[in-house]
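Structure, as structure tokens:
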There are 2 protein chains.
Amino acid sequence: MPKPTFLNLPPDKRRRFVDAALNEFALHDYRAASVGRIVDAVGIAKGSVYQYFDGKLDLYRYLVDLAAETKFRHIDARLASDAPDFFSQYRQATFHGARFDFSEPSYASLLYHATYEPSAPETAEVSARLRAASHAYLLGLVDAGVARGDLRADIDRDMTVYALYQLTVALRDFLGARFGFSFEDAVHAGAGSPIGDQDLSAVLDELVGVLRHGLALG
Amino acid sequence: MPKPTFLNLPPDKRRRFVDAALNEFALHDYRAASVGRIVDAVGIAKGSVYQYFDGKLDLYRYLVDLAAETKFRHIDARLASDAPDFFSQYRQATFHGARFDFSEPSYASLLYHATYEPSAPETAEVSARLRAASHAYLLGLVDAGVARGDLRADIDRDMTVYALYQLTVALRDFLGARFGFSFEDAVHAGAGSPIGDQDLSAVLDELVGVLRHGLALG
DNA sequence: CAGTCACATGACCGCTCGGTCATAATCGCC
DNA sequence: GGCGATTATGACCGAGCGGTCATGTGACTG
């Protein structure tokens, strides 16, 4: 967790630091991210980082938590309050999740890296926490869906959650491939929504259609 | 590609080198893998590696190609020759793929790392080639399935391939989580099939069932 | 004005890395 | 045995890393 010094920082300086750090961890995975580049970008001395955080890992943890919290909040705030069925709930959440990723490519890329980083022993715990949070969220959705009768009662809940999770995370790559869009470029360029809502909706309709009825004919 | 010197090596020495390198790249992703550790493990001088390959990346490319080729061959050799429907074809390929992963955890982990490593600019091309090969394979399956009438004709082929790909790759994590199995441990311990064929079959039945009929009730 | 305290600084440390190269050992052939 | 070609070696290089710490700075306090 951040040291008190960090929290006492003038808001503007703190914001600039977080932005630069976010950028660095969005552009590079944990190991490749460089504390030196962060301080160069923000124009402070290297030692300052260690006045703010206990080290690189501590900073990373803080950023991942911040990004996850921000994204979840963004989605939750936009979820329709009326209780539709499972599939439209999932569709809505995924839609707003993707919208968030477009508008905040740095957060999105950071979370993407964190998701696929069980390799490094240090970051394994961060990855696991992130995955656990997503799984818990999806499991709640699935259980409600089963209870409501939207989903078959005989499905393997864990496998269903895993499949949903993977497909949702992979959406980023799929959208990138389909629409020739690179999140990495977006991190440099800042926000901007390069994929229209209609295109995104079409993709999600397709995905939800497969989830709902499967691939088989008839 | 390997230099002539590498190909002239006594088979036993070459095998020991490949094994050690495989191990290193299975235990660590590209950046974290260390040439020094490889030479220590195999008991040769560091300079020798650069007599065999043009560098770390060249060695990595060679190993990934080798692993991918070996795995594809393993699967193809075990595919039933009679032409069943799409789902049993996919099931068979995935089953034998998983079996391969269990019996050759080093290959499997190397391919896993290679799959999720578009971050490093150098390895992006290797990842892309690997993904392209899997996609081509799956696309062939899907197209045949559509032609045969196993699959709905109105599905988005690319998305279907992407979904199949992600779910298949993620199987590794899912099996690991469900059966408390770690591929990393298996790399150390060598082969051994820690998950029985029945357990694997049950998981695949579930997965194929969802792919076939979806999650919706009725 | 002196003293205190929070914060900023950047030279420096130790380490690991991929890669090099002059030299030495080994092999194959006549 | 001798000789050229091939292969093996490991000390060494330059670079980058995370992290440290003695010193400096500036603002608030009594």
Side-chain angles (χ1 to χ4, degrees), chain A residues 1-18 20-21 23-25 27-64 113 117 119-126, chain B residues 1-18 20-21 23-25 27-64 113 117 119-123 126:
Chain A
M1 357 178 323
K3 296 185 178 180
T5 305
F6 178 70
L7 304 172
N8 293 340
L9 239 43
D12 179 63
K13 185 170 188 178
R14 193 169 61 215
R15 207 182 42 75
R16 285 193 304 123
F17 177 79
V18 168
N23 226 58
E24 178 65 14
F25 283 104
L27 255 18
H28 309 89
D29 62 35
Y30 177 75
R31 289 189 119 105
S34 156
V35 175
R37 272 195 298 261
I38 296 174
V39 300
D40 283 352
V42 76
I44 59 173
K46 205 171 176 183
S48 292
V49 174
Y50 297 86
Q51 305 250 36
Y52 302 159
F53 293 90
D54 268 334
K56 189 187 182 183
L57 184 58
D58 192 34
L59 169 58
Y60 181 68
R61 234 191 313 251
Y62 171 77
L63 292 173
V64 172
H113 281 141
E117 207 150 22
S119 318
E122 314 111 297
T123 56
E125 168 249 335
V126 179
Chain B
M1 358 175 325
K3 295 184 179 182
T5 304
F6 179 69
L7 304 172
N8 293 340
L9 239 43
D12 179 62
K13 186 170 188 177
R14 194 169 60 216
R15 205 181 43 75
R16 286 193 303 124
F17 177 80
V18 168
N23 225 59
E24 179 65 14
F25 282 105
L27 254 19
H28 310 90
D29 62 34
Y30 176 75
R31 289 189 118 107
S34 155
V35 175
R37 272 195 299 261
I38 296 174
V39 301
D40 283 352
V42 76
I44 60 174
K46 204 171 177 183
S48 293
V49 174
Y50 296 86
Q51 306 252 35
Y52 303 159
F53 293 90
D54 268 335
K56 190 188 182 183
L57 183 59
D58 191 35
L59 168 59
Y60 180 68
R61 233 190 313 250
Y62 172 78
L63 293 173
V64 171
H113 281 140
E117 207 151 22
S119 317
E122 315 110 296
T123 57
V126 179

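Keep in mind that this is a model prediction, so the values were computed, not measured. Note on naming: letters A, B, ... go to the chains in the order of the sequence lines (proteins, then strands), and numbering restarts at 1 for each one. The figures that follow rest on heavy atoms only: side chains count, while hydrogens, waters and symmetry mates do not.
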Quick check: do [X] and [Y] have side-chain heavy atoms less than 4.5 Å from each other?
X       : Y       : result
A:His28 : A:Arg37 : yes
B:Ile38 : B:Leu59 : yes
B:Val35 : B:Phe53 : no

Please state how far atom [atom1] in [X] lies from atom [atom2] in [N], giving the value in whole angstrom units.
X       : N      : atom1 : atom2 : value
B:Leu7  : D:dT7  : CG    : P     : 10 Å
B:Phe53 : C:dT20 : CZ    : P     : 16 Å
B:Phe17 : D:dT9  : CZ    : P     : 12 Å
B:Arg16 : D:dA8  : CZ    : P     : 11 Å

Report task. Mark up nucleotides 25-30 of chain C, 5' to 3', with B wherever a protein heavy atom is under 4.0 angstrom from a base atom, S wherever such an atom reaches only the sugar-phosphate, and - elsewhere. Result -> ------

Report task. Scan nucleotides 3-19 of chain C nucleotide by nucleotide, 5' to 3', and note B when protein non-hydrogen atoms come under 4.0 Å of the base, S if they reach only the sugar-phosphate, - if neither. Result -> ----SBBB------SBB

**Report entry** Secondary-structure notation, DNA chain C, from Watson-Crick and G-U pairs under 3.5 angstrom (| other strand)
**Finding:** ||.|||||||||||||||||||||||||||

Query - Nearest atoms (heavy-atom pairs only) where A:Val39 meets A:Ala45 - result: CG1-O, 3.9 Å

Query raised in the report: Who are the ring pair (Phe, Tyr, Trp, His ring centres under 6.0 Å) partners of B:Tyr60, not counting sequence neighbours?
Result: B:Phe25, B:Tyr30

**Report entry** All side-chain contact (heavy atoms from CB on, under 4.5 Å) counterparts of B:Ala41, not counting sequence neighbours
**Finding:**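 Expected list: B:Ala20.
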
Query raised in the report: Stepwise, does the salt bridge (Lys or Arg N to Asp or Glu O under 4.0 Å) test hold for B:Glu117 with B:Arg31?
Result: CA-CA 10 Å; B:Glu117 207 151 22; B:Arg31 289 189 118 107; over 6 Å; no

Query - Reported CG-to-CG distance for the pair B:Asp29 and A:Asp29, which is rounded to 0.5 angstrom - result: 6.5 Å

Requested in this report: Measure the spacing between CD1 of A:Ile44 and CD of A:Gln51 and express it to the nearest 0.5 Å.
Outcome: 10.0 Å

Under 3.5 Å, which donor-acceptor pairs do the side chains of residues 2-13 of chain A form with other protein atoms, sequence neighbours left out?
{"residue": "A:Lys3", "atom": "NZ", "partner": "A:Tyr50", "partner atom": "O", "Å": "3.0"}
{"residue": "A:Asp12", "atom": "OD1", "partner": "A:Arg15", "partner atom": "NH2", "Å": "3.2"}

